[in-house]
Each structure stands twice: as structure tokens, then as C-alpha cells.
Amino acid sequence: KELDSLTDVISFGVAPSLIMYFWAISEMGKIGWVLTLIYIVCCALRLARFNLTVVDETESWKINFFEGVPSPAAAGLILLPLILNLSGLIQLQNIAMISSGVIFVTSILMVSKMPTYSLKRIIIPRHSAVFLLLGIGIYLSLMIFYPFKTLFITGLIYIILIPISFFHFRYLNKKSLVSIDEEEETEDVL
């Protein structure tokens, strides 16, 4: 378990941050190194928290959420300015500042308590499996023919899902607390 997290720190922490450092933020000098190190430390802290997280059996619905942005998604998020630049959709001006801001915000999101979708336990109904396979085929085709545009759009969709997952978590948490209160009230009556 610990070795897996160590490799994740290298793969999703050190590698993408160094790519961004040498691509864009190296011109910022020491501030660029500080941002790179902040991201790596936040990635290590995020993975340590993930290893220590235990979900209570009464709140099994929480398995579908992470606390903070997971490190693989964070690696994709900090690479978004580079992916956007390579896609040819927009040529960014002031790449160093934009990349620095993205790295800093992503670092904060990794160590935050912001709930994000885990997508580990998605149950696909049997009658929808054909549509899922079709969607996967279309996505893979787009990845082959338009890799950077597809990756950028995937990153944007993930960014949009962050506030949606926050409100969904709050709704489920509130619903769970209401059901627990109702159970306690019925127990008090007896």
C-alpha cells in the first residue's frame, strides 16, 4: 500500500510538476520551484490521507466520494495549460502565470476537504451496457484522432464535476443525517 502511494507521488506528483516547471514556470525562477515543491508536498499529503481514510459502515454512500481532488486527476489538471497549448484551440499568452495559478489552485484542491466523485463503484444497468460500450468506443476514437482536444475537453468536464460533486455530497449527507435523526427518534419512543 505504501509503495503504491510512493509510485503515485512520483507518477502524479513529481513527473507532471517537473514537466510544467520546464515547460512554463521555469522562467519564474525560485517562485517556480516553490510552486513545484508545494504541488509535490500536497500530492504526498493527499495520498497519505487517502491511505488513512476509513469509511464508517453506516455511511457507505461516502465510498463514492474522495476528500479533495485525487492525485491522478490533479496531475491531469495541472497539465491542462500544456494540453490546451498542444491542442491548437487557443494559444495562451503569459503561460507562466496561468500555469502557476493552475498548479497552486490544484494543490489546494488536493489537500482540501472538497468532496469529488470517486467513480469506483458505478453500477451500470445491464440494458445500458451497449450504450456504455458505444461511448467508450467513441471516446477512444476521439483520443486517437484528436488526442489533445479530447484530453482538454475531458479536463473541462472534470472541472465542471467538482462543484456538482460538492452539492451532491451535501445533499446525500443531509439526507443521511435526517434518516439517522428519524431512527434515533423512533428508538427514544421505545
Side-chain angles (χ1 to χ4, degrees), residues 1-54 62 64-120 139 142-143 146-170:
K1 188 175 180 179
E2 285 76 13
L3 286 176
D4 180 56
S5 291
L6 181 62
T7 58
D8 285 351
V9 168
I10 302 300
S11 300
F12 305 124
V14 175
S17 62
L18 287 179
I19 289 170
M20 290 306 291
Y21 176 79
F22 290 116
W23 178 67
I25 62 173
S26 61
E27 65 188 50
M28 297 181 75
K30 291 179 183 178
I31 294 174
W33 273 118
V34 168
L35 287 170
T36 301
L37 291 174
I38 286 172
Y39 176 79
I40 294 169
V41 168
C42 288
C43 184
L45 291 172
R46 167 72 184 90
L47 289 163
R49 182 174 63 194
F50 175 74
N51 286 343
L52 298 174
T53 301
V54 177
K62 286 187 177 181
N64 295 320
F65 294 91
F66 286 125
E67 272 188 18
V69 173
S71 57
L77 289 178
I78 70 162
L79 292 172
L80 273 183
L82 174 62
I83 292 169
L84 178 61
N85 199 38
L86 292 173
S87 73
L89 292 172
I90 299 172
Q91 292 302 317
L92 297 173
Q93 303 297 325
N94 205 357
I95 294 171
M97 290 302 292
I98 292 170
S99 298
S100 299
V102 169
I103 289 171
F104 186 72
V105 170
T106 304
S107 299
I108 291 171
L109 285 174
M110 267 197 299
V111 294
S112 73
K113 297 282 187 172
M114 172 82 72
T116 57
Y117 286 125
S118 151
L119 306 176
K120 284 183 177 180
Y139 185 78
L142 289 171
M143 282 295 294
Y146 308 103
F148 295 113
K149 291 175 183 170
T150 306
L151 284 172
F152 182 71
I153 291 170
T154 302
L156 286 181
I157 291 170
Y158 186 80
I159 290 170
I160 291 168
L161 283 175
I162 292 173
I164 292 171
S165 65
F166 173 75
F167 290 114
H168 188 208
F169 180 88
R170 283 184 53 186

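Each residue takes its place number in the sequence, starting with 1.
Side chains of P70 and T116 form a contact here, defined as non-hydrogen atoms less than 4.5 Å apart. A heavy-atom distance below 4.5 Å is found between the side chains of P81 and L92. Using a 4.5 Å cut-off on side-chain heavy atoms (C-beta onward), R170 and F167 make contact. Put simply, the side chain of I162 reaches to within 4.5 Å of the side chain of Y158, judged on heavy atoms. For the pair W23/S99, a side-chain contact is recorded, criterion being any heavy-atom separation below 4.5 Å from C-beta on. Counting only heavy atoms from C-beta outward, the side chains of L80 and I159 approach each other to under 4.5 Å. In this structure, M114 and F169 have side chains that are not in contact, with every pair of non-hydrogen atoms separated by 4.5 Å or more. Annotation: side chain of Y139 is in contact with side chain of T154 (closest heavy-atom distance under 4.5 Å).
Without hydrogens or angle criteria, S165 side chain to P115 main chain gives a donor-acceptor distance under 3.5 Å. A donor-acceptor pair under 3.5 Å links the side-chain atoms of T7 to the main chain of D4, judged by distance alone.
For the residue pair D8 / S71, no side-chain donor-acceptor distance below 3.5 Å is found, with atom types taken as modelled.
A 6.0 Å sphere centred on CD of Q93 holds no more than 12 heavy atoms belonging to other residues, nucleotides or ligands. Other residues, nucleotides and ligands contribute only 12 or fewer heavy atoms inside 6.0 Å of the CE atom of M97.
For the atom pair OG1 of T106 and CZ of R46, the computed distance is 13.0 Å after rounding to the nearest 0.5 Å. In this structure, the separation between OG on S100 and CD1 on I95 is 11.5 Å, given to the nearest 0.5 Å. I10 contributes atom CD1, which lies 8.0 Å from atom CD1 of I40 (distance to the nearest 0.5 angstrom). Atoms CG and CD1, on L89 and I83 in that order, are 11.5 Å from each other to the nearest 0.5 Å. The CZ atom of F104 lies 10.5 Å from the CG atom of L109; values are rounded to the nearest 0.5 Å. Of the inter-residue distances, the one linking L35 atom CG with M20 atom CE reads 11.0 Å to the nearest 0.5 angstrom.
Using cut-offs of 30° and 60° on the angle between ring planes, the pair H168 and Y117 is tilted.
Checking I157, L84, I90, L86 one by one against F152, the side-chain contact (heavy atoms from CB on, under 4.5 Å) holds for a single residue, L84.
Summarising the geometry of M28 relative to A96, their closest heavy-atom pair is SD-O, 3.7 Å, with the distance given to 0.1 Å.
With sequence neighbours excluded, the residues forming a salt bridge (charged side-chain N to carboxylate O under 4.0 Å, His left out) with K113 are E67, listed by chain and number.
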